[in-house]
Amino acid sequence: MLHNKEEIIDYKQKMDYLDHLEAEAIYILREVAGQFENPALLFSGGKDSITLVHLAKKAFRPGKFPFPLVHIDTGHNFPETIEFRDWLVEQLGEKLIVGLVQESIDQGKAVEQKGKSASRNALQTVTLLDTIEKYGFDACIGGARRDEEKARAKERIFSVRDEFGQWDPKRQRPELWNILNGKIHKGENVRVFPISNWTELDVWNYIKRENIALPSIYFSHERDVVLRNGQWMATAPFLHIDGEDIVEHKSVRFRTVGDMTCTAAVDSVATELDDIIAEIKASTVSERGARMDDKVSEAAMEERKKQGYF
């Protein structure tokens, strides 16, 4: 317990930058719990959403989370990610809601892409918006960060979406002096980004400090891959491979985790956290550089976000 001004100043001086980022994220999570009636935490099984879960434990334990975990499952996920998701949920004892892209396709709400570069990644928007409507979520917590992609750099911490789930970057609210405004009209939704001010390197340093468990695909491993547009794609039953493709067996890892049809691997021998951190420090390409869906156009991410994407 801090009793005077000098003790408070001394405590703040001893805090490192990760302490400040952690404190900010915990404050945001508690604001969500205080301001919204029915929030949810969007969980992909990737390092950023896993970090959010760890922060939620710090914010709300020993009590239960004031929100369920929600996973929008494309059906084309890495098996290692799904296995980790189920293990983590069992360890947490928290509620998991899974929205299935396959159901959206079966219901005719989403149309499966065709061709060699077909992916279900963009179809997640339909399933996400239906899941939000079905369960009446008024806020969805996500692990997006401003350093990932230029469209995400336009986001606020509390990002308001209209009654159709659409995002308009020109109509976002100012967030001065850490004051977060969660007031919305009926039917509107807020996407919340507690680690928006973190970088990829911050996340990895925090994972190391907190000893956070991750899916094995973040570390170097051997697997079959095929070269597509200069990127190594993991082979899978639903990845279209023809006579022009040459399958190779390589040592790789993944910097980001998404649909297998749009998430590329990087050459790597990093099997330890220190090795991964060193790789990131030396890299000249952002982690989203390994996402094929972001290469469709310069504004690919922004267009998807305007439609209701994460």
Side-chain angles (χ1 to χ4, degrees), residues 42-50 69-82 84-85 97-132 140 142-145 148-152 155 159 161 165-167 191 193 200 215 217-218 225-241 252 254-266 285-310:
L42 301 177
F43 183 80
S44 67
K47 68 182 187 310
D48 297 317
S49 60
I50 292 169
L69 274 61
V70 174
H71 181 213
I72 304 303
D73 187 349
T74 66
H76 291 173
N77 295 286
F78 289 90
E80 298 95 329
T81 305
I82 299 301
F84 184 90
R85 178 200 71 185
I97 293 171
V98 180
L100 299 172
V101 170
Q102 186 61 55
E103 287 188 1
S104 299
I105 294 171
D106 293 342
Q107 294 166 4
K109 296 180 178 180
V111 179
E112 188 99 62
Q113 293 181 0
K114 304 295 182 183
K116 191 169 182 175
S117 300
S119 172
R120 287 185 173 184
N121 196 58
L123 305 188
Q124 293 179 89
T125 299
V126 175
T127 310
L128 172 62
L129 295 180
D130 281 352
T131 302
I132 289 172
C140 291
R145 307 186 322 272
E148 289 182 89
E149 203 272 345
K150 59 186 179 182
R152 285 185 165 165
E155 287 279 21
S159 178
R161 308 298 173 100
Q166 297 173 328
W167 173 69
R191 306 290 172 82
F193 304 111
E200 181 188 14
I217 58 174
Y218 277 111
V225 292
V226 61
L227 194 63
R228 289 277 175 84
N229 299 320
Q231 305 264 29
W232 294 112
M233 305 296 295
T235 59
F238 38 77
L239 187 72
H240 298 277
I241 297 176
V252 299
F254 293 85
R255 288 177 68 183
T256 179
V257 171
D259 191 299
M260 287 187 74
T261 56
C262 68
T263 307
V266 295
V285 179
S286 75
E287 66 181 296
R288 294 295 301 193
R291 294 294 291 267
M292 302 293 284
D293 49 328
D294 288 347
K295 299 180 183 300
V296 176
S297 73
E298 283 291 317
M301 171 66 83
E302 183 157 337
E303 290 306 312
R304 292 201 305 275
K305 286 175 69 63
K306 287 179 179 178
Q307 295 166 12
Y309 190 71
F310 300 104

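Here the structure is a predicted model, which is why all the values come from computation and not from measurement. Atoms considered below: every heavy atom in the structure, side chains included; atoms not considered: hydrogens, waters and symmetry mates.
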Notebook entry, point to check: Where do Thr263 and Thr256 land on the side-chain contact (heavy atoms from CB on, under 4.5 Å) test, with the steps shown first?
Noted result: CA-CA 7 Å; Thr263 307; Thr256 179; 4.1 Å; yes
Notebook entry, point to check: Given side chains that start at C-beta, do those of Arg85 and Thr81 come closer than 4.5 Å, heavy atoms only?
Noted result: no
Next item on the list: Answer whether the closest heavy-atom distance between the side chains of Leu227 and Trp232 falls below 4.5 Å.
Entry: yes
Next item on the list: Would you check, one step at a time, whether the test side-chain contact (heavy atoms from CB on, under 4.5 Å) holds for Ile132 with Arg161?
Entry: CA-CA 12 Å; Ile132 289 172; Arg161 308 298 173 100; over 6 Å; no
So which atom in [X] and which in [Y] form the shortest heavy-atom distance, rounded to 0.1 Å?
X	Y	value
Ile50	Gly45	CD1-O, 3.5 Å
Val257	Gly46	CB-CA, 4.2 Å
Phe254	Ala264	CD2-O, 3.4 Å
Phe78	Ala234	CE2-CB, 4.1 Å
Asp48	Gly143	CB-O, 3.5 Å
Ser119	Gln113	N-OE1, 3.0 Å

Next item on the list: For Glu112, check salt bridge (charged side-chain N to carboxylate O under 4.0 Å, His left out) against everything at least two apart and list the hits.
Entry: Arg120
Check: Per the side chain to side chain contact (heavy atoms under 4.5 Å, CB included) rule, which among Leu129, Leu100, Thr125, Thr131 passes with Ile72?
Finding: Thr131
Check: Can you tell which of Met260, His76, Arg228 makes a side chain to side chain contact (heavy atoms under 4.5 Å, CB included) with Leu239?
Finding: Arg228
Margin query: Before you tell me yes or no, could you show the steps for Val101 and Gln124 under side-chain contact (heavy atoms from CB on, under 4.5 Å), namely the whole-Å CA-CA distance, both residues' side-chain angles and the distance that decides it to 0.1 Å?
Written below: CA-CA 6 Å; Val101 170; Gln124 293 179 89; 4.2 Å; yes
Check: In Å and rounded to the nearest 0.5 Å, what is the CG to OG1 distance from Leu123 to Thr74?
Finding: 9.0 Å
Checklist line | Gap separating the CD1 atom of Ile97 from the CG atom of Asp73, nearest 0.5 angstrom | finding: 14.0 Å
Notebook entry, point to check: Does Ser49 have any side chain to side chain contact (heavy atoms under 4.5 Å, CB included) partners at least two apart in sequence or in another chain, and if so, which?
Noted result: Phe43, Ser44
Checklist line | N/O donor-acceptor pair under 3.5 Å between Asp259 side chain and Thr261 backbone | finding: yes
Next item on the list: Let me see the working for Ile217 and Phe84 under side-chain contact (heavy atoms from CB on, under 4.5 Å), right down to the final yes or no.
Entry: CA-CA 10 Å; Ile217 58 174; Phe84 184 90; over 6 Å; no
